[in-house]
Novice: 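Please read through the structure below; I'll follow up with questions.
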4 protein chains.
Amino acid sequence: MAKLWHKAVDLDGEIEQYTVGNDYVLDMELVEADVLGSVAHAKMLAAIGILTEEEFGRLKEALKEVLGLWNRGDFCIEPSQEDVHTAVEAFLTDKLGELGKKIHTGRSRNDQVLVDTRLYVRDRLLDVRHEVALLADTLARFAEKWREVPMPGRTHTQRAMPSSVGLWAGAFAESLADDLVLLGTAAELNDQCPLGSAASYGVGLPIDRQMTADLLGFAKVQNNVLYANNSRGKMEAIALFACTEVMHDLAKLANDLIFFSIPEMGYFGLPEEYCPGSSIMPQKKNPGPLELIRAKSAAVEADLFRVLHITRALPSGYNRDFQETKEPLMQGLKVTESSLKVARLIFENLTVNEETLLKSFTPELYAADEALEMAARGVPFRDAYKQVGLNLDKLADRDPRENILSKTHLGAPGNLGLAALRQRLSENIEQIKAAGSRIDDAKKSLLQ
Amino acid sequence: MAKLWHKAVDLDGEIEQYTVGNDYVLDMELVEADVLGSVAHAKMLAAIGILTEEEFGRLKEALKEVLGLWNRGDFCIEPSQEDVHTAVEAFLTDKLGELGKKIHTGRSRNDQVLVDTRLYVRDRLLDVRHEVALLADTLARFAEKWREVPMPGRTHTQRAMPSSVGLWAGAFAESLADDLVLLGTAAELNDQCPLGSAASYGVGLPIDRQMTADLLGFAKVQNNVLYANNSRGKMEAIALFACTEVMHDLAKLANDLIFFSIPEMGYFGLPEEYCPGSSIMPQKKNPGPLELIRAKSAAVEADLFRVLHITRALPSGYNRDFQETKEPLMQGLKVTESSLKVARLIFENLTVNEETLLKSFTPELYAADEALEMAARGVPFRDAYKQVGLNLDKLADRDPRENILSKTHLGAPGNLGLAALRQRLSENIEQIKAAGSRIDDAKKSLLQ
Amino acid sequence: MAKLWHKAVDLDGEIEQYTVGNDYVLDMELVEADVLGSVAHAKMLAAIGILTEEEFGRLKEALKEVLGLWNRGDFCIEPSQEDVHTAVEAFLTDKLGELGKKIHTGRSRNDQVLVDTRLYVRDRLLDVRHEVALLADTLARFAEKWREVPMPGRTHTQRAMPSSVGLWAGAFAESLADDLVLLGTAAELNDQCPLGSAASYGVGLPIDRQMTADLLGFAKVQNNVLYANNSRGKMEAIALFACTEVMHDLAKLANDLIFFSIPEMGYFGLPEEYCPGSSIMPQKKNPGPLELIRAKSAAVEADLFRVLHITRALPSGYNRDFQETKEPLMQGLKVTESSLKVARLIFENLTVNEETLLKSFTPELYAADEALEMAARGVPFRDAYKQVGLNLDKLADRDPRENILSKTHLGAPGNLGLAALRQRLSENIEQIKAAGSRIDDAKKSLLQ
Amino acid sequence: MAKLWHKAVDLDGEIEQYTVGNDYVLDMELVEADVLGSVAHAKMLAAIGILTEEEFGRLKEALKEVLGLWNRGDFCIEPSQEDVHTAVEAFLTDKLGELGKKIHTGRSRNDQVLVDTRLYVRDRLLDVRHEVALLADTLARFAEKWREVPMPGRTHTQRAMPSSVGLWAGAFAESLADDLVLLGTAAELNDQCPLGSAASYGVGLPIDRQMTADLLGFAKVQNNVLYANNSRGKMEAIALFACTEVMHDLAKLANDLIFFSIPEMGYFGLPEEYCPGSSIMPQKKNPGPLELIRAKSAAVEADLFRVLHITRALPSGYNRDFQETKEPLMQGLKVTESSLKVARLIFENLTVNEETLLKSFTPELYAADEALEMAARGVPFRDAYKQVGLNLDKLADRDPRENILSKTHLGAPGNLGLAALRQRLSENIEQIKAAGSRIDDAKKSLLQ
């Protein structure tokens, strides 16, 4: 079957391979979205009288057949078809003849890529948000469990003041909770239906864009038809930036864990079944998954910047450059999701070496506390600071557990606020699940 | 006066210059924030009995004096003082002796940098959001004014279908309106008070973090004290990403304008007083400000990057690396604000060459419309597409104005939805102003 | 077969999938390199008496069998094997039993990845350099052919002064010639044999690293064994930066061509068989391949970035993070090569619309020339500049061809220096071919 | 005085501030270069008869006066003058009247920026290369001094096999030596004289570009006049990439040192006078300079990417965007140079805690050696590996010093090849000094 834009002259083979790239492979992930978008578009065409109800019914059945084939692994996109849109339309035309050719009325491939991508991102962001909330909750529970276990707090990589395992894990849980805000904004901005923008300039038919948006379960129509195309890359970058922040949290967590689990530190123990070995040193248990999380945080950042660079200062309207934003988008979302799962798996199996942690406390960790106590007794802080600094060797040892639990202001080791945090996460999970249900309902209702 | 951490041994001169860098210059922009944070901290210390009310009163007066000096340009930070925190504390100690040394009780410089930065970003983001809303409104009014003026719509840089000046300008107005959502999220996440986190591990005093947060007008306390430090760079990146998206919109706008105003296109006329000349070609009127907007979008992106790279996978707790995030943060925010102003100035003075625009319409711009009309008459779209494609030379000319106004579905040239957009912008401006008032009230109340 | 580091405990399935990633797919491109490195290593082990000559002979035959299978598409790497090194060693052990287990003596997988990557990059850089030289020569010939055809020279996107098609194309040819210097340096630095570094700390056997380097045709041994591992990512970044510069040249070229071939400009005509169409506008001939070159330049830049970010500030010695540098390296090199081929194909078929170019000349293009002529007649240049600027409407028209040919200083339109450039390119091609022959000889000699 | 392109209409104030930016500040570093370029240009104008020898003499004296003023800190560039070129020409016109206006004959400001930047980069790259060679030599001497001191070699951050302080320091010395190749290529490509390219299209005067190139001590003329402008940003990126690689080496070095000098590791001692303290913890000695080196490596990387982003896919010929490449270029070069100096200072004062290093050796560090020895005795390596792995607790302790010195193949701890390395560095230093002398001679000869 011909491409959607087939003309009399054939494309040069080498050029064709270059322009198609691996789009036809990536697009296998967009089949469901393309079917949904097509059903909604056809239903709307019937509503405004371009198609009859009977024609719509036949189109819908054929589109459902595509979905069925795809679910069974029996639908494929040929390289010569370029993309999912052509493959689906080819299927319709093969099956329905003249009728198949009608479905493209009032839409453009740009339209389809846009709406398919939004639907895809909508699903992926829900998954990522769910995984973020689950990991944050796992960390909050871990923090709760180990809240009374002291751990040297560090600044400049060096031991600084008493801290706790709970404070450390809780810090990451709160950071991930803030990432949920970013991800929520990304989801909100993505939740605009571009369908009906056609080639960026609208069409001379009374298409009902609100109807297709409603059918697909979008929160609203993306109004200006040129903006729909101009925002290609923008929504992608917003989603990838939220993922980058998540990956930055994971990278810091991974880096801390790599450091805290080397034998010299020994604070934490990684389960052996997560530690690949060395081909030459039989004794090694390497923190491979953590190093890969760290590295993949740079990969997601690179995905973000690839999208930003590709689209910066492009002319208004569609440009073929946009095609290159699909791969980094898909990669970034999937890598973020799998990294979250791996991090959660690790925390569910991490051992805490309480004894080692206690042994790592040395008197100078209490220097700041000592100075503060002098200050509380009336010595100006700066003088107390100097005095303690000149008498570090005279610092008495203390009980670290007592020390951390005695710090009870908001957010201190003795007052981590984990119940409130877990409540916030639980509300997030409810919202995410509710959003997922709404989407599932829209899909079902469209295809029934 | 000594540094806050002054010890017996002096730092090597060259090393000192390297470590201080230009921090003491940048910190001149943080004087107000440092004074506000110090007053709030001192007031809280008085409330929990570490300072007497009388001591607090004297500290407040001295801090207000710092602000007065700074407002008159008479306060300066010596390179040897390193930063604003040291300079302010030095002033207090010079003036109040022992009392000045007390104010650092229960806080750390990390604390101060964190809270100063949040206060600074809070102000700058308000300004940026205001400018974004003003520019979006300017563009919406421009779109309204020229909504009936046709302009060739483009894809792949080439003329494609009829569009309008209104659609073009409106697309940017909507994109900026979406940026307001991103900026709002950045402001929301920034609106957490880190004060009281000390060196990341809390203090053994019953400090009241909720009180200082309230005094400074923050929406909430940033709870976990380690997260407060771990989020250094994170809040900065979030603000800079929102700025990057704004700058991307401006870069696309600038690039379009550069192209549309070359003599061969001639759609728009840039006011001569905005166009620098050439040193060798007397005839040139160069779109310098637009080219610089385009270039500066890459600079803000690089600022974002710099912050992301500096902080990726750093160990938990404070690291000196954080110091290097201050410059890109300040640069990025300021460049975004000034670029928005320049873009607005340009749009307030841009001329539209209606006649040139009309002349640029050629019959093949109506090919898609023709095919669609055939489709509406019952010819399958794919067949109509092919027929029109083979008979391009027979396309009749049309009235472009009539064409664009006849497309009236949501977001099409004949239905731009500008009233709703301007309403949305107006609500944004109200919110921004209200937020500004609340902040001003908090500041006044703290210093009165 | 077990992994090279197989231990008693099995890796968790999800973790294993995450850690292996698509390494086993990427490694299919390293089979030849792994075989070569293994033969060289085994030959050296025989030379120092670790293996007998007979054992080496059997290993070599089995390794050649691997290569034969791979050449016929019959060798594959199982996901459970993780990488090419394990797959090849598994083949040897299956086939040769005990002997197969001996080949890993005195080397590590790190060693193998390092040497395989260098061999891979050596081949790919030769291909890229060859393509750069061919494209530069194509551009030089194009410049020669059209050297007398005037074209408005631009600054700030606007017409500025007379230029020529030859000057324009020649500029890119020279830029690519300079890229050959960068690529040559990348090749030189890559041309160091890391084999024998083992796990970064050497081995307690008298291995002969000079011998393996010579056998593999490397220019030298990469001496310090820790540097061998520390340079992972470094050599990759150097190769990718050279590719980035090449892609930047292509992006500028593509962007110019997109602009110069829109109907309003019409300077150049793209062959129709290279121009994909639109799915909704039957009249469109879109410059897809050029837009993709432009977009892919951002992708290669992102590949570079990804490598730089992954490896910045990693601890000395091997880290699993390095694994993530393989994909961007391979992608970047291949995208650069295919983009060069597409660009050459386009230039071999580009048409030049001489008439349109001539029509685009307007008198003010001669303003600078007029001022300069006045200056040559004794009027101070600044005064001449002002006078001409105030009398732009009185500028006489001129013959553009005469104008460009009259500028004959070095590098001006009338003196492009193309013969010298083509000579330089021809020397480069000879060097590249000679280097390719040396490498082929080394391979053949190793495997014979 | 007016700008070089002054016209009847004045620029709007806000726009002017935006377009000038801080160019007038940055340009203070280009005064010498601008004077040199102007003298060379004037001398050439005299040689081709545009100026008399007497006029040239007066221009040269006035230009030398500019240089004298600048050397004494008495030359300044007004914001209203925009740049150094205007300021210098204004000085000439004030002083010499009509004659001052003549010097701009046959050149453009683009020309001047280009040649000034090349002269600036030429000087800075020499300084950077010198500092790289000095630091590499310092590291090589450090490696030599401590070559017999064992240190655990690491992979995956964990202790892996015996290594040495010498091997560790030598690895960085060799990496820096390779950076000298990159920096040399950057210097070579920068060493092309763009003067005479005018506004990118040459001039209609018989200017002698070879003469100005020779006078300024350039290796060659950058031939194609359009390429001269198109390469703006390219040469900058090449220099910044070489700096990025240097900074990456320093970042890894700094990161290692931060880790190896925390009390728990204690391998190295940082001199106290390089360690800033904490404002709240009197006991802290923070590795501030090392953390800043690490952070600044990200800043230089951001400078590189800023230049790459600004210039990617810009239209051929001059664009105002280029102006924004100046700041990252200057910043990147200067930060690299100062970071190198700081790193050298640290290494000249670093203490090595031999006893701590020896204590850190545990028997499992010899596991790979044990397996290899079994392999050398005829046990297949894979079997030896498994046996040792299952009997790690039976590994006997060994003498680490004897172990490292027994590994004597190329590049192993017992055979570091430092003499050859120092010889290579010494040759580099000679070349750099010779290049510096040639440049100084050219400058003196031009100004005498």
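Model, not experiment: these values are computed from the prediction. Values below: every heavy atom of this structure, side chains too, minus hydrogens, waters and symmetry copies. Within every chain, numbering begins at 1; the chains are lettered A, B, ... in the order of the sequence lines, protein sequences first and strands thereafter.
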Novice: Distance from B:Q331 atom CD to D:E327 atom CD, nearest 0.5 Å?
Specialist: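 Going from the CD atom of B:Q331 to the CD atom of D:E327 covers 5.5 Å.
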Novice: What's the separation between atom CZ in D:R344 and atom CD in B:E14, rounded to the nearest 0.5 Å?
Specialist: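 Here the interatomic distance stands at 8.5 Å.
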Novice: A side-chain contact here means heavy atoms from C-beta on lying under 4.5 Å apart; do D:R320 and B:N286 qualify?
Specialist: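 When only atoms from C-beta onward are counted, B:N286 and D:R320 do not touch, as no gap falls below 4.5 Å.
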Novice: Side chain, backbone, both or neither: which part of D:T325 has an atom under 4.5 Å from a heavy atom of chain B?
Specialist: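 No part of D:T325 comes within 4.5 Å of chain B.
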Novice: Nearest 0.5 Å, what's the NZ-CZ distance between D:K296 and B:R306?
Specialist: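 Atom-to-atom, D:K296:NZ and B:R306:CZ are 8.0 Å apart.
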Novice: Kindly indicate, with the supporting measurements, whether the criterion side chain to side chain contact (heavy atoms under 4.5 Å, CB included) is fulfilled by D:E291 and B:L314.
Specialist: CA-CA 10 Å; D:E291 291 171 293; B:L314 280 181; over 6 Å; no
Novice: Does any heavy atom of chain B fall under 4.5 Å from the side chain of D:I293, the backbone, both, or neither of them?
Specialist: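 Both parts, heavy atoms under 4.5 Å.
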Novice: Could you have a look at D:S339, D:P287, D:P315, D:P271 and say which one has the most heavy-atom pairs with chain B under 4.5 angstrom?
Specialist: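 The residue among D:S339, D:P287, D:P315, D:P271 with the greatest pair count is D:S339.
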Novice: Name the option with the most non-hydrogen atom pairs under 4.5 Å to chain B; the candidates are D:P289, D:S297, D:G21.
Specialist: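 Greatest number of close heavy-atom pairs with chain B: D:P289.
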Novice: Have a look at D:L292 and tell me which of B:T19, B:V20, B:I15 forms a side-chain contact (heavy atoms from CB on, under 4.5 Å) with it.
Specialist: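 The side-chain contact (heavy atoms from CB on, under 4.5 Å) with D:L292 is passed solely by B:T19 among B:T19, B:V20, B:I15.
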Novice: Any chance CD of D:E264 has more than 12 other-residue heavy atoms, nucleotides or ligands included, within less than 6.0 Å?
Specialist: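 Yes, because the 6.0 Å sphere around CD of D:E264 holds more than 12 heavy atoms from other groups.
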Novice: Tell me, do D:H309 and B:F305 make a side-chain contact under 4.5 Å, heavy atoms counted?
Specialist: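 D:H309 reaches B:F305 side chain to side chain.
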Novice: Looking only at non-hydrogen atoms, find the nearest pair between D:A295 and B:I310 and report the distance.
Specialist: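 Looking at all heavy atoms of both residues, the closest pair is O-CG1, 3.7 Å.
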